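Only one structure is covered here, and it is reproduced in the block below.
Bear in mind that the values here come from a model prediction, so they are computed numbers and not experimental data. Proteins come first, then strands; the chains are lettered A, B, ... in the order of their sequence lines, and each starts at number 1.
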Number of protein chains: 2
Amino acid sequence: MDDIWKQFEQNPISHSAAHHIVAIVELLERNGYARVSDVAKLLNITRGSASLTLKSLKQRGLVAEDENRFLKLSDEGETVASSVRGRAFLIRRFFMDVLDLPSEDAEVDACKIEHLLSLATAERLAQFLRYFCAKDSIAVAFREGWEQYEGSCDWASTDSAVCQIERIAKLACEVKAQDSEQG
Amino acid sequence: MDDIWKQFEQNPISHSAAHHIVAIVELLERNGYARVSDVAKLLNITRGSASLTLKSLKQRGLVAEDENRFLKLSDEGETVASSVRGRAFLIRRFFMDVLDLPSEDAEVDACKIEHLLSLATAERLAQFLRYFCAKDSIAVAFREGWEQYEGSCDWASTDSAVCQIERIAKLACEVKAQDSEQG
DNA sequence: CCGATATGTTTGGTATATAAAACGAAGGTT
DNA sequence: AACCTTCGTTTTATATACCAAACATATCGG
C-alpha cells in the first residue's frame, strides 16, 4: 500500500486504454461516428488489437456500442475522456507557455504523462497556469524576466547531456536550501 | 513512426526497469552492496521477479555482477540511474516548491513520470525552477503573489487563451466531484 | 555431518498490450 | 450467382511484468 513506485501499475487508466477512449471522442467529434476499425486506423494498430482492447473497455463499462456496432462512451467513459484530455491540455500549455518547449517535444511528453497526473496535481497546475498567464504587473514582469533568463546560463558548456541534469538538479537544490535559510 | 502516442511504449527505459536500477544505486549508497534479494525486498516484489527483471537488465548491459553475484551498474547503467534520479528530483521540487503539493502527492506523481520526461523538458524545467526560486525582487514578488492567489480566481478578466485553461479547470472540478461520489 | 536458513533461479500461471493471420458476416459490383 | 472488399472477431504468438512454488546451492550452527 505504501509502495509508491507500484502506484504506476495501479493507475486508474492505462496509457493504451486512455488513448482508445480519447480516440473515440475525437472520431465522434470529427466524423460523427466511431467504429472499431476507425479507432484502429487512428491509433495505427491492427483491427484485432483494437477489438481486444475495446472489448475489455466494454466489460469495464467505459465503452458501449449501439445495435449497429457503432462505438460510444458511457457516462464514466466520458468522465475518463474529459479527465485525460483536460490533463493533456494543461500539460501541453505548461510545456509550451511556461517552459517554451517546441510543440513537438511538448506533445510527446504530454502524451506520455497525461493519464498519470493525479487530480490534485492537475488542479494546482491549472491554477498556476492562470496565475502565470495573468495580466497583472507582477506576472508580466516575471514572464519578461523569464524570457530574458533563457540562455543566460553557463550549463551549456558542460560535458555530457545527462551530466547537465545532475548539475542542474544540484543547483536547484542549493537555491532552495539558501532560500530556506533566509526565509 | 510519427505516432506520438506510441512513444510511451518506446520509452528508453520502463518504469519497472528504472526502479530496479535506482534501487541498486540506493542500496549501494546505503549498505555498500546490492544483491537480488535486497532489490526484491526494497521494491517489495518476490526474488523470482527481481531475478528475471535483473537478468534482462544484465543482458541489456545496464547491470553487472561480481564473482560473488553482488550487483553493480555498468557505466550505461550509472547514466540511466543519474538521469532518472535527476528527473525525479526536479519533478518533486516543482510539485512541492512551485505547485505547493503535499509531499506524498508530489512523491507519487513524480515517481510515475520521472522516467518519461525527455532531456529537453527536464533541462527547461530545471532552468524554470532556478528562475522561480531566485532571490531577485521580481521572483520574490511573483512567489508572494502566487501564495496569495491560492483559492481566488477572477473568471471575468481573462483572455481567450487563458479562458481555455479556465474551462479545463472547471472540467477538472467536475471530474473531482464525480470521483468523490464514486470513492 | 546434518538440518535450518538464506539466496538465486526456474517453472507455470496471470494480466496487459501488441501483431499477424485466419475466419465469418455483410454489402457492393459485375 | 460469383466475386471482392470491408469489418469485427478469434486465434496464435510475442514482450513486459508480476506471483507462487519448486528447486538448487551455499553457508552457518549444533
Consider the side chain of [X], meaning its heavy atoms from C-beta on, and name the nucleotide among [options] that approaches it most closely.
X       : options               : answer
B:Ser16 : C:dG8, C:dT18, D:dC18 : D:dC18
A:Ile45 : D:dG8, D:dA17, C:dA19 : C:dA19
B:Trp5  : D:dC7, D:dT9, C:dT18  : C:dT18
B:Leu52 : D:dT10, C:dT10, D:dG8 : C:dT10
B:Lys6  : C:dA19, D:dG8, C:dT9  : C:dA19

Which whole-number value in Å describes the distance from [X] [atom1] to [N] [atom2]?
X       : N      : atom1 : atom2 : value
A:Phe70 : D:dG8  : CZ    : C1'   : 12 Å
A:Ile13 : C:dA17 : CD1   : C1'   : 14 Å
A:Leu57 : D:dT9  : CG    : C1'   : 16 Å
B:Gln7  : C:dA17 : CD    : P     : 18 Å
B:His20 : C:dG8  : NE2   : P     : 13 Å
A:Asn44 : C:dA19 : CG    : P     : 8 Å
A:Glu65 : D:dT9  : CD    : C1'   : 11 Å
B:Lys41 : D:dC19 : NZ    : C1'   : 18 Å

(message) Can you work out whether A:Thr46 or B:Ser49 has the more 5'-proximal nearest nucleotide on DNA chain C?
(response)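 Here B:Ser49 is the residue nearer the 5' end.
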
(message) Looking at every heavy atom in both B:Lys6 and A:Asn44, which two are closest together, and how far apart are they?
(response)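 Smallest heavy-atom distance, with atoms named: NZ-O, 2.7 Å.
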
(request) Please name the pair of heavy atoms, one in A:Leu43 and one in B:Trp5, separated by the smallest distance, quoted to 0.1 Å. (result)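 That would be O-NE1, 3.0 Å.
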
(request) Could you check A:Val84 against A:Ile21 for side-chain contact (heavy atoms from CB on, under 4.5 Å), going step by step and ending with a plain yes or no? (result) CA-CA 9 Å; A:Val84 172; A:Ile21 287 171; over 6 Å; no

Using OP1 and OP2 only, check whether a side-chain N or O of [X] sits under 4.0 Å from [N].
X       : N     : result
A:Arg69 : D:dG8 : no
A:Ser37 : D:dT6 : no
B:Lys58 : C:dG8 : no
B:Lys55 : C:dG8 : no

(request) Using heavy atoms to find the nearest nucleotide of DNA chain D for A:Glu9 and A:Ser51 separately, return the residue whose nucleotide is more 5′. (result)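 Final value for this comparison: A:Ser51.
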
(request) Remember a base hit wins even if backbone is also touched, and classify A:Ser14 as base, sugar-phosphate or nothing at under 4.0 Å, heavy atoms. (result)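 The residue A:Ser14 makes sugar-phosphate contact but no base contact.
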
(message) Is there, by distance only and without an angle test, a donor paired with an acceptor across the side chain of B:Arg47 and the base of C:dG8 below 3.5 Å?
(response)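 Answer is yes: a donor-acceptor pair is held.
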
(request) Kindly state whether the ring of B:Phe128 and the ring of A:Tyr149 have centres lying under 6.0 angstrom apart. (result) no

(message) Counting C-beta onward and ignoring hydrogens, is there a side-chain heavy-atom pair between A:Asp109 and A:Leu101 closer than 4.5 Å?
(response)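 No. Closest side-chain heavy atoms not under 4.5 Å.
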
(message) Are A:Arg93 and A:Leu125 packed together at the side-chain level, in the sense that at least one heavy-atom pair is separated by less than 4.5 angstrom?
(response) no

